[in-house]
Amino acid sequence: MTSFRQFLAENKLWWITPIVVVAAFVIYVLVTSDAGGAGDSPFEYDQY
């Protein structure tokens, strides 16, 4: 197990970078998506 921890310590850039890229992409999608409320629903239920 110590060799695995040593590997992670020596190669921080290679395992941190994908995490940061995915997190940035998810945040970008959440910020730019049009997550509207109930008033923005494309469906209209006139009978209710």
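Both backbone and side-chain heavy atoms feed into the values below; hydrogens, waters and symmetry mates do not. Position 1 is the first residue of the sequence, and the numbers go up from there.
- Phe7 and Trp15 fall within a single hydrophobic cluster, where Ile, Leu, Val, Met, Phe, Trp and Tyr are joined by side-chain heavy atoms under 4.5 Å apart, directly or via other members.
- Leu30 and Ile19 are members of different hydrophobic clusters when ILVMFWY side chains are connected at heavy-atom separations under 4.5 Å.
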**Request:** Begin from the C-alpha positions of Val29 and Phe25 and carry the test side chain to side chain contact (heavy atoms under 4.5 Å, CB included) through to its verdict.
**Result:** CA-CA 6 Å; Val29 168; Phe25 178 73; 3.7 Å; yes

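- Taken to the nearest 0.5 Å, the OG1 atom of Thr32 stands 11.5 Å off from the CD1 atom of Ile27.
- No single ILVMFWY cluster, assembled from side-chain heavy atoms under 4.5 Å apart, contains both Val22 and Leu8.
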